[in-house]
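Read the structure below first, then the notes.
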Amino acid sequence: MELRKLGKNGPSVGALGLGCMGMSEFYGAADDNESIATINRALDLGCTLLDTADMYGVGRNEELVGKAIKSRRNDVVLATKFGNVRGPAGEFLGVNGRPNYVQAACEASLKRLGVDHIDLYYQHRVDPGTPIEETVGAMAQLVQQGKVRYLGLSEAASNTIRRASAVHEITALQTEYSLWSRDPEGDLLETCHALGIAFVAYSPLGRGFLTGRFQTQEDIPADDWRRNHPRFTGEHFEQNLRLAEAVKALADELGCTASQLALAWVLARSNEIIPIPGTKRIKYLEENLKAVNVHLTPGDSDRLEAAFPLGVTSGERYHVQGMKAINL
């Protein structure tokens, strides 16, 4: 596995990481045994950056990841997040970046993960009611206490990143980025480059849409959150299906899968970008990781970018409330 640096002073990790969210919630039925096997297979193949969060499965995902890596802690660069608060029944209670909450959330994550430190600790969403300097100041205290090694932000705006970096070094920014979500291009990616911040791209496969798996809305399981995602519903689905078909057509020409092509495009954008496609099955993990062997020519990239100009995707990235919580 090709290695990429996690920020200017962070560790080297596999060029592709593993998003673990869907192993516990949102994307249909879970199978813990299969998920644990998938995590271990990822580590075997050099996919060392594992990504979770305290809100995924209301803590269950952290517990699952902790169980999977119990005997392999030194093989992992472990990332988790705080800030999206949920109640015991899973209800969303808002975003909290207050200093006392930062400390409490970290302690709870350490316990669920069964580890003595977190390698990369993100603020999952920016709290508009708490100055970023206060939140990052509290996160910096966790570094001083040895509970956290590196700090990250997720879905933060450039000005927020710069303010945060003035308090403590920010190692990574995690934001959605793929052929159908090219919003970070320009100011956001330039800010990360200027500050030496790694860009961790979540949903690099368009939440699975770009793989070609979904040909009709009925292909989405009834218990899958994507059934109600703006880009997976109604006319949005039909318009976006044509985009996925463009990926499949070029992938067929190049002798790879659509998922490998979509990931190869993200990988080729910059060696400072680390995509973290999520999966809970070994089959798809192994397919995804072969994307590092797909090398695009400038002409290949031009064709993809012509098919996916900024703003071409139909539908928002989240519902109304979710959109209000990003780019703050």
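Residues: numbered from 1 along the sequence shown.
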Open item on the list: According to a hydrophobic-cluster definition based on side-chain heavy atoms being under 4.5 Å apart (Ile, Leu, Val, Met, Phe, Trp, Tyr only), do Leu113 and Leu151 belong together?
Closed with: yes

TODO: Spell out, as yes or no, whether a donor-acceptor pair under 3.5 Å connects the side chain of Ser203 to the backbone of Gly206.
DONE: no

Task: Polar contact flag, side-chain donor to acceptor under 3.5 angstrom, Asn240-Ser314 - done: no

Task: Distance-minimising heavy-atom pair for Ser178 and Val266 - done: CA-CG2, 4.2 Å

Open item on the list: With side-chain contact (heavy atoms from CB on, under 4.5 Å) as the criterion, how do Leu18 and Leu49 come out once you've worked through the C-alpha distance, each side chain's angles and the decisive distance to 0.1 Å?
Closed with: CA-CA 6 Å; Leu18 177 61; Leu49 178 62; over 6 Å; no

Task: Exercise: do Glu169 and Tyr150 side chains pair donor with acceptor under 3.5 Å - done: no

TODO: Mind listing the closest non-hydrogen atom pair of Ala246 and Ala307 along with its distance?
DONE: CB-CB, 4.1 Å

Task: Donor-acceptor pair, side chain of Gln260 and main chain of Ala291, under 3.5 angstrom - done: no

Task: Distance-only polar pair, side chains of Asp119 and His117, donor-acceptor under 3.5 Å - done: yes

TODO: Assess whether side-chain contact (heavy atoms from CB on, under 4.5 Å) is satisfied between Val76 and Leu43, documenting all intermediate values.
DONE: CA-CA 7 Å; Val76 178; Leu43 297 178; 3.7 Å; yes

Open item on the list: Using only atom types and a distance under 3.5 Å, with no angle test, would you say the side chain of Asp300 pairs donor to acceptor with the backbone of Thr297?
Closed with: yes

- [ ] Give me the ring orientation class for Phe26 and Tyr56: parallel if the planes are under 30° apart, tilted from 30 to 60°, perpendicular past 60°.
- [x] perpendicular

Open item on the list: For the backbone of Asp127 and the side chain of Thr130, can you confirm whether one donor and one acceptor N or O come within less than 3.5 Å of each other?
Closed with: no

Open item on the list: With side-chain contact (heavy atoms from CB on, under 4.5 Å) as the criterion, how do Leu78 and Arg73 come out once you've worked through the C-alpha distance, each side chain's angles and the decisive distance to 0.1 Å?
Closed with: CA-CA 9 Å; Leu78 179 61; Arg73 180 65 182 95; 4.0 Å; yes

TODO: Kindly compute the distance separating CD1 (Ile197) from CG (Leu6), expressed to the nearest 0.5 Å.
DONE: 11.0 Å

Open item on the list: For a quick check under 3.5 Å, do Glu2 and Asn271 share a side-chain donor-acceptor pair by atom type?
Closed with: no

- [ ] Please name the pair of heavy atoms, one in Ile161 and one in Ala156, separated by the smallest distance, quoted to 0.1 Å.
- [x] CD1-O, 3.7 Å

Open item on the list: Do Leu205 and Ile220 land in one hydrophobic cluster if side-chain heavy atoms of ILVMFWY residues count as linked below 4.5 Å?
Closed with: yes

- [ ] Return yes if some donor-acceptor pair links the side-chain N/O of Thr313 with the main-chain N/O of Trp180 below 3.5 Å, else return no.
- [x] yes

Open item on the list: Looking at Thr171 and Gly7, would you say the former's side chain and the latter's main chain have a donor-acceptor pair under 3.5 Å?
Closed with: no

- [ ] Would you sort out whether Leu267 and Ile273 count as a side-chain contact (heavy atoms from CB on, under 4.5 Å), showing the intermediate values?
- [x] CA-CA 7 Å; Leu267 287 166; Ile273 296 176; over 6 Å; no

Open item on the list: Strictly distance-based, threshold 3.5 Å: is any side-chain N or O of Asp51 a donor or acceptor partner for the main-chain N or O of Thr80?
Closed with: no

Open item on the list: Are Met23 and Ile282 linked, directly or through intermediate hydrophobic residues, by side-chain heavy-atom contacts shorter than 4.5 Å (ILVMFWY only)?
Closed with: no

TODO: Describe, in one word, how the ring planes of Tyr318 and His229 are oriented to each other, choosing from parallel (under 30°), tilted (30 to 60°) and perpendicular (over 60°).
DONE: tilted

Open item on the list: Please determine whether a side-chain nitrogen of the Lys or Arg among Asp31 and Arg281 lies less than 4.0 Å from a carboxylate oxygen of the Asp or Glu.
Closed with: no

Open item on the list: When you compare the side chains of Asp32 and Ser35, does any donor N or O come within less than 3.5 Å of an acceptor on the partner?
Closed with: no

- [ ] Identify whether Leu120 and Val65 are in the same connected component of the hydrophobic contact network (ILVMFWY, side-chain heavy atoms under 4.5 Å).
- [x] no

- [ ] To the nearest 0.5 angstrom, please state how far the CG atom of Leu173 sits from the CZ atom of Phe199.
- [x] 5.5 Å

Open item on the list: Same cluster or not: Met21 versus Tyr284, using hydrophobic residues (I, L, V, M, F, W, Y) connected whenever any side-chain heavy atoms lie under 4.5 Å apart?
Closed with: no

TODO: State plainly whether the residues Lys248 and Glu245 are in salt-bridge range, i.e. N to O under 4.0 Å.
DONE: no

TODO: Using a cut-off of 6.0 Å, state whether more than 12 heavy atoms not belonging to His193 lie near its atom NE2.
DONE: no

Open item on the list: Quick test of your reading of the model: are Lys8 and Glu272 salt-bridged, counting only N-O distances below 4.0 Å?
Closed with: no

TODO: Kindly check if the number of other-residue, nucleotide or ligand heavy atoms within 6.0 Å of NZ (Lys5) is above 12?
DONE: yes

TODO: Starting from the C-alpha separation in whole Å, work towards a yes-or-no answer on salt bridge (charged side-chain N to carboxylate O under 4.0 Å, His left out) for Arg163 and Glu133.
DONE: CA-CA 7 Å; Arg163 288 168 53 198; Glu133 291 83 358; 2.8 Å; yes

Taking distance alone, no hydrogens or angles, what donor-acceptor pairs closer than 3.5 Å link side-chain atoms of residues 320-328 to residues at least two apart or in another chain?
| from | atom 1 | to | atom 2 | distance (Å) |
| --- | --- | --- | --- | --- |
| Gln321 | OE1 | Lys324 | NZ | 3.3 |

Task: Phe209/Phe237 aromatic ring centres below 6.0 Å - done: yes

Task: Thr191 versus Ser158, side-chain donor and acceptor atoms under 3.5 Å - done: yes

Task: Smallest separation among heavy atoms of Gly152 and Met139, with atom names - done: O-CE, 3.6 Å

Open item on the list: Taking atom CZ as the centre, does Arg149 end up with more than 12 heavy-atom neighbours from other residues, nucleotides or ligands that are less than 6.0 angstrom away?
Closed with: no

Open item on the list: Tell me whether Arg182 contacts the main-chain N or O of Phe308 through its side chain, where contact means a donor paired with an acceptor under 3.5 Å.
Closed with: yes

Task: Lys/Arg N to Asp/Glu carboxylate O, Glu91 vs Arg86, below 4.0 Å - done: no

Open item on the list: Between Glu62 and Thr52, do the side chains contain a donor N or O and an acceptor N or O under 3.5 Å apart?
Closed with: no

- [ ] Over all heavy atoms of both residues, which pair between Tyr121 and Ser109 is shortest? Give the atoms and the distance, please.
- [x] OH-OG, 4.5 Å

- [ ] Calculate, to the nearest 0.5 Å, the distance between atoms NZ and CG belonging to Lys290 and Leu45 respectively.
- [x] 9.5 Å

Open item on the list: Using a strict threshold of under 4.0 Å (side-chain N to carboxylate O), is an ion pair present between Asp44 and Arg72?
Closed with: yes

Open item on the list: Please report the interatomic distance CZ(Arg226) to CG(Asp219), rounded to the nearest 0.5 Å.
Closed with: 11.0 Å

Task: Flag for Trp265-Glu305: side-chain donor and acceptor within less than 3.5 Å - done: yes

TODO: Decide whether Arg231 and Ser181 meet the rule of one side-chain donor and one side-chain acceptor closer than 3.5 Å.
DONE: yes

Open item on the list: So, taking the atom named CG in Leu241 and the one named CD in Gln215, what distance separates them when rounded to the nearest 0.5 Å?
Closed with: 5.5 Å

TODO: Using only heavy-atom distances, determine whether the side chains of Tyr122 and Glu155 contain a donor-acceptor pair under 3.5 Å.
DONE: no

Task: Pairwise distance CD(Glu287) to CG(Leu289) - rounded to 0.5 angstrom - done: 10.0 Å

TODO: Measure across Leu188 and Ala157 and return the closest heavy-atom pair with its distance rounded to 0.1 Å.
DONE: CD1-C, 4.2 Å

Task: Salt-bridge criterion met for Arg41 and Glu34 (N-O under 4.0 Å) - done: no

Task: Lys280 and Tyr27 side chains, donor-acceptor separation under 3.5 Å - done: no

